[in-house]
Amino acid sequence: MINTETHSFEETVELGKKFGRILKPGDVVCLSGDLGTGKTAFTNGIAKELGIDSYITSPTFTLVNEYQGKYPLYHFDVYRIADPEEMFDIGFEEYLNGEGITIIEWGELIWPILPSDIIRVNIVKNSGKGLDIREISIDFIGGKYSGYELKI
């Protein structure tokens, strides 16, 4: 597990860029954190690293946004999902088994249907230290990442 801290929106995006360098097709990244903690800012950094010029917005109402870059990026926001099984109605398995990288905001809400190999990123706002301080932990879960080490 990696624990780090960012001090601004820009630093959160930059950390996402660094993290994006290690991602490969088939990776599933679950982003957790309260509203406004920086999940979408982190995703913007990943997208920039993949060569995606579009500004990334959270797909809160559309459920998934697709972007084309070095690899396809499938960006989900499952905040409004009532039942994880609803994900299969939109072809969730095809995204997971596709040629791209899958980013899921609020991934903990669909935990039962996620693959066993995922990367979990938790972002917490630490207002005790300052308004823009984010504590970010990155955890590699599953056999695919056994012995995996990321240096940030």
Side-chain angles (χ1 to χ4, degrees), residues 1-6 8-81 84-124 134-152:
M1 179 183 279
I2 296 157
N3 294 301
T4 191
E5 192 174 87
T6 61
S8 67
F9 172 86
E10 293 78 16
E11 281 188 22
T12 302
V13 171
E14 188 59 34
L15 181 61
K17 284 175 69 175
K18 289 178 183 176
F19 178 69
R21 291 181 192 133
I22 61 111
L23 295 175
K24 300 194 176 2
D27 284 338
V28 177
V29 180
C30 293
L31 300 174
S32 298
D34 290 336
L35 290 169
T37 56
K39 295 180 296 294
T40 305
F42 190 81
T43 303
N44 263 284
I46 294 169
K48 286 182 187 303
E49 183 59 31
L50 295 177
I52 298 167
D53 294 329
S54 304
Y55 183 76
I56 305 300
T57 58
S58 187
T60 305
F61 296 102
T62 58
L63 207 57
V64 63
N65 288 335
E66 296 181 36
Y67 303 94
Q68 293 301 313
K70 178 180 177 183
Y71 309 119
L73 178 67
Y74 312 125
H75 181 204
F76 288 85
D77 182 330
V78 298
Y79 182 73
R80 298 192 184 283
I81 290 291
E85 298 297 317
E86 290 177 37
M87 296 297 289
F88 297 115
D89 294 339
I90 62 161
F92 186 60
E93 287 176 308
E94 287 81 24
Y95 287 103
L96 294 178
N97 298 318
E99 299 295 317
I101 296 165
T102 303
I103 309 289
I104 307 168
E105 293 190 31
W106 303 96
E108 67 275 10
L109 297 176
I110 61 167
W111 198 261
I113 66 166
L114 292 176
S116 58
D117 296 315
I118 62 165
I119 304 169
R120 191 167 120 185
V121 178
N122 189 49
I123 305 174
V124 176
R134 304 296 191 266
E135 294 173 348
I136 301 172
S137 63
I138 303 172
D139 193 14
F140 297 86
I141 301 169
K144 176 179 177 179
Y145 302 108
S146 180
Y148 194 82
E149 199 173 316
L150 170 68
K151 293 183 172 65
I152 301 245

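Computation of the quantities below employed the complete heavy-atom set of this structure, encompassing side-chain atoms and omitting hydrogens, waters and symmetry-equivalent molecules. Every value quoted in this text rests on a predicted model; they were computed, and no experiment measured them.
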Note to self: Can you confirm whether Phe76 sits close enough to Ile90 that some side-chain heavy atom of one is under 4.5 Å from a side-chain heavy atom of the other?
What the structure shows: yes

Next item on the list: State, yes or no, whether a side-chain contact exists between Ile113 and Pro84 at a heavy-atom distance under 4.5 Å.
Entry: yes

Check: Does Glu86 have any salt bridge (Lys or Arg N to Asp or Glu O under 4.0 Å) partners at least two apart in sequence or in another chain, and if so, which?
Finding: none

Note to self: Looking at every heavy atom in both Ile123 and Thr37, which two are closest together, and how far apart are they?
What the structure shows: CG2-O, 3.2 Å

Margin query: Test your reading of the model: is there a side-chain donor-acceptor pair from Lys39 to the backbone of Gly33, 3.5 Å cut-off?
Written below: yes

Item checked: Derivation and outcome, side-chain contact (heavy atoms from CB on, under 4.5 Å), residues Phe42 and Ile46 -> CA-CA 7 Å; Phe42 190 81; Ile46 294 169; 3.8 Å; yes

Notebook entry, point to check: Is there a side-chain contact between Tyr67 and Leu50 (heavy atoms, below 4.5 Å)?
Noted result: no

Check: At what distance, to the nearest 0.5 angstrom, does OG1 of Thr4 lie from NZ of Lys18?
Finding: 8.0 Å

Margin query: Looking at Lys144 and Asp27, is any side-chain nitrogen of the basic one under 4.0 Å from a carboxylate oxygen of the acidic one?
Written below: yes

Next item on the list: Ignoring hydrogens and angles, tell me if any N or O in the side chain of Arg134 forms a donor-acceptor pair with the backbone of Ser8 under 3.5 Å.
Entry: no

Check: Ala47 and Leu73: which non-hydrogen atoms are nearest, and at how many Å?
Finding: CB-CD2, 3.9 Å

Notebook entry, point to check: Crowded around Asp89 CG? As in, over 12 foreign heavy atoms under 6.0 Å?
Noted result: yes

Checklist line | Contact check, side chains of Thr57 and Asn65, non-hydrogen atoms, under 4.5 Å | finding: yes

Note to self: Please find the pair of heavy atoms, one from Ser58 and one from Asp77, that lie closest to each other, and give the distance.
What the structure shows: OG-OD2, 2.5 Å

Notebook entry, point to check: What are the two closest non-hydrogen atoms of Leu23 and Tyr71, and how far apart are they?
Noted result: O-CE1, 3.8 Å

Check: Where is the tightest heavy-atom contact between Pro115 and Val28, given as atom of each residue plus distance?
Finding: CG-CG2, 4.0 Å

Notebook entry, point to check: Taking side chain as C-beta onward, heavy atoms only, is Ile136 less than 4.5 Å from Thr6?
Noted result: yes

Margin query: Nearest 0.5 angstrom please: Trp106 CH2 to Cys30 SG, how far?
Written below: 13.0 Å

Margin query: Could you tell me if the side chain of Glu105 sits less than 4.5 Å from the side chain of His75, heavy atoms only?
Written below: yes

Checklist line | Spatial distance of atom NZ (Lys17) from atom CD (Glu11) [nearest 0.5 Å] | finding: 13.0 Å

Next item on the list: Answer yes or no: is there a side-chain heavy-atom contact under 4.5 Å between Asn3 and Glu135?
Entry: no

Notebook entry, point to check: Measuring from Ile141:CD1 to Arg120:CZ, what's the distance to the nearest 0.5 Å?
Noted result: 5.5 Å

Margin query: Donor-acceptor check, side chain of Asn44 to backbone of Ile56, threshold 3.5 angstrom: yes or no?
Written below: yes

Going by atom type alone, with no hydrogens or angles, which donor-acceptor pairs under 3.5 Å involve a side-chain atom of residues 92-104 and a protein atom two or more places apart or on another chain?
from: Tyr95; atom 1: OH; to: Glu66; atom 2: OE2; distance (Å): 2.7
from: Asn97; atom 1: ND2; to: Glu93; atom 2: O; distance (Å): 3.0

Notebook entry, point to check: How about Ile119 and Ile138: do any of their side-chain heavy atoms sit closer than 4.5 Å?
Noted result: yes

Next item on the list: Would you please name every residue forming a ring-ring contact (aromatic ring centres under 6.0 Å, His included) with Phe9, sequence neighbours left out?
Entry: none

Checklist line | Ile110 side, atom CD1; Glu85 side, atom CD - distance, nearest 0.5 Å | finding: 10.5 Å

Check: Rounded to the nearest 0.5 Å, what separation is found between the OG atom of Ser54 and the NZ atom of Lys48?
Finding: 10.0 Å

